[in-house]
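See structure below.
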Amino acid sequence: MRNSTRRLALFSSAMLLAACSQQGTQAPVPANAGLKDIFKDAFRVGTALSPRQFNETDTASIALIDKHFNITTPENVLKWEVVHPTRGTFSYVQSDGYVAFGERHHMFITGHTLVWHSQTPRWVFEDTLGKPLTRAALLAVMKNHIENVVGRYKGRINGWDVVNEALNEDGTMRQSPWMRIIGDDFPIKAFEYAHAVDPQAELYYNDYNLETPAKRDGAIALVKRIRAAGIPVTAIGSQDHHKMDWPSAALTDSMFTAFRAANIHGNVTELDIDVLPRATNNNTADVAVRAQMQARLNPYAAGLPDSVQTALARRYGEIFKVYWKHRDIIDRITFWGVTDRDSWLNGWPVPGRTNYPLLFDRNGKPKPAYDAVVAVAGSSAR
Ligand code: 9MR
């Protein structure tokens, strides 16, 4: 290139970058770029991983993961029942595989989840005779668990869901065994223990339905209590297991506005959109909820009609506009699975349905929802 032409080219790309940053948009990315590059200047884009993926048996998914995602969450293998199934036994075969995958593929690696009421064996809360533990004894069990698990991956797992789903829908503390035995400072203790083991790790409080104002305010109050105890909380994780008609974009918008006002980052940690008819009459993502299979609850077993495909794309677009608007306090958007085939929503709350909640279809092909999401990047939506 002649010097004058090169100067012109440099000048044009500098002008383009300046124009982009003035409008709050990003510089163009290559045509074959994936989500992580398209949203590079806004937030990380992630996925939950299952053993088929991190053991690399599902080879088709690996290409998708490499192209689109730069942050991972283990869907199940770091839950208490997997890593600490019986008293005194830690089992890291699967989680070691998960972390090794993340390192091989240059991911920001997160851990999920240290303290939860679900997928936690009963022995955790009882003594060897089956009697409920005292507060001091349960705190010792919690501390031992966190020291082992966080300690094993110190400096390798970069962020932890320390406490999961501790709140009721009205923002009060859920009456879990943690709460009943330890009291309402159990999250403070969990964060304290995790921070002591790995002071560099990001630490999150994670929950669903945080768009509901009462629950959102409960989460903010909880973070304030933990911070008041002198322990850092990096962000609230909003799971975002969405329905087609819930929550509204306005509620999601208010949630991030409230987080910002409280000086708390808000991450999206388990995003999917359930396109199937509601099997229960609430908006829960509570894994304990179950419902019976009926044909009317599984209308798209043979394929997703175009009208629903289009509606799903519109819904993803509307949600991503809100994320984009709040990108200054959103560090990541993580999808709960890679393709529709992987989703927990094929099995919950009704086992054996065919759901379509993610951006990639069962063959790994991007859906119209993918295009709707990509169209938001670089838009001047504010
Ligand atoms: O996707 C997970 C599914 O495979 C498990 O069977 C289920 C059991 O508890 O947990 C699912 O993941 C949940 C996550 O850990 C916490 N938030 C709600 C998620 C969907 O249920």
Side-chain angles (χ1 to χ4, degrees), residues 46-55 58 61 71-85 94-95 97-98 109-122 124 145 149 157 159-169 174 176-178 187 190 204-212 215-216 219 235-243 246-247 266-276 278-280 282-291 332-358:
T47 182
L49 294 180
S50 64
R52 280 191 303 126
Q53 291 144 351
F54 59 73
N55 294 333
D58 178 4
S61 282
I71 178 164
T72 61
T73 309
E75 186 170 359
N76 287 302
V77 301
L78 270 165
K79 290 175 180 171
W80 196 308
E81 69 179 9
V82 182
V83 287
H84 197 177
Q94 302 207 66
S95 48
Y98 163 75
I109 305 171
T110 73
H112 169 87
T113 176
L114 295 170
V115 176
W116 191 20
H117 57 276
S118 192
Q119 290 184 282
T120 304
R122 267 181 68 171
V124 172
H145 178 79
V149 181
I157 288 190
W160 280 99
D161 286 339
V162 181
V163 174
N164 199 39
E165 302 173 9
L167 296 171
N168 292 316
E169 297 306 285
R174 183 195 283 267
S176 68
W178 296 110
Y204 322 112
Y205 173 70
N206 194 53
D207 213 328
Y208 57 81
N209 281 0
L210 293 177
E211 295 81 3
T212 303
K215 196 168 184 181
R216 168 199 80 203
I236 294 178
S238 177
Q239 294 182 6
D240 288 19
H241 291 294
H242 285 340
K243 314 286 182 203
W246 195 93
N267 293 340
V268 175
T269 52
E270 306 184 12
L271 177 61
D272 47 30
I273 302 178
D274 187 346
V275 300
L276 296 183
R278 276 182 167 70
T280 64
N282 59 31
N283 291 319
T284 188
D286 190 333
V287 291
V289 173
R290 290 277 151 199
R332 66 153 142 146
I333 307 290
T334 294
F335 293 85
W336 206 237
V338 181
T339 75
D340 286 342
R341 193 169 66 123
D342 306 316
S343 173
W344 72 296
L345 290 171
N346 296 307
W348 180 93
V350 182
R353 294 200 293 179
T354 307
N355 215 328
Y356 301 84
L358 297 166

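For the single chain, residues carry numbers from 1 onward in sequence order. Whatever order the structure lists them in is the order used to number ligands and atoms, beginning at 1.
Using a 4.0 angstrom heavy-atom cutoff, W336 counts as in contact with ligand 1.
Atom numbering of ligand 1 starts at 1 in the shown order; those under 4.0 Å from a heavy atom of K79 are 2 (C), 7 (C), 10 (O), 11 (C), 12 (O), 13 (C), 14 (C), 15 (O). Atoms of ligand 1 lying under 4.0 Å from any heavy atom of E165, numbered from 1 in the order shown and given with element: 16 (C), 17 (N), 18 (C). Taking every heavy atom of H241 and a limit of under 4.0 angstrom, the matching atoms of ligand 1 come to 18 (C), 19 (C), 20 (C). Here is the list of ligand 1 atoms found below 4.0 Å of a heavy atom in Q119: 7 (C), 8 (C), 9 (O), 10 (O). For ligand 1, the atoms closer than 4.0 angstrom to any heavy atom of H112 are 14 (C), 15 (O), 16 (C).
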* side-chain contact (heavy atoms from CB on, under 4.5 Å) assessment of V82 paired with S95 -> CA-CA 9 Å; V82 182; S95 48; over 6 Å; no
* Could you go through the ring-ring contact (aromatic ring centres under 6.0 Å, His included) check for W80 and W178 one step at a time? => CA-CA 14 Å; W80 196 308; W178 296 110; 5.7 Å; yes
* To do: Give the C-alpha distance, both sets of side-chain angles, the deciding distance and a yes or no for salt bridge (charged side-chain N to carboxylate O under 4.0 Å, His left out) between R341 and D58.
  => CA-CA 12 Å; R341 193 169 66 123; D58 178 4; 3.4 Å; yes
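Using cut-offs of 30° and 60° on the angle between ring planes, the pair W336 and H112 is perpendicular.
Of the heavy atoms in W348, none comes closer than 4.0 Å to ligand 1. The side chain of W116, and not its backbone, has at least one atom closer than 4.0 Å to an atom of ligand 1 (non-hydrogen atoms only; side chain from C-beta on). For N76, every heavy-atom contact with ligand 1 shorter than 4.0 Å involves the side chain, none the backbone. Contacts of N164 with ligand 1, taken as heavy-atom pairs under 4.0 Å, involve the side chain alone.
With respect to N164, the side-chain hydrogen bond (donor to acceptor under 3.5 Å, both in side chains) criterion is satisfied by exactly one of T120, T113, N206: N206.
With sequence neighbours excluded, no residue forms a side-chain hydrogen bond (donor to acceptor under 3.5 Å, both in side chains) with R216. Scored by the side chain to side chain contact (heavy atoms under 4.5 Å, CB included) test, N76 finds K79, Q119 as partners (sequence neighbours excluded).
No side-chain donor-acceptor contact under 3.5 Å links S176 and R174.
In terms of polar-atom proximity, W344 is not counted as a contact of ligand 1, lacking any N or O under 3.5 Å from an N or O of the ligand.
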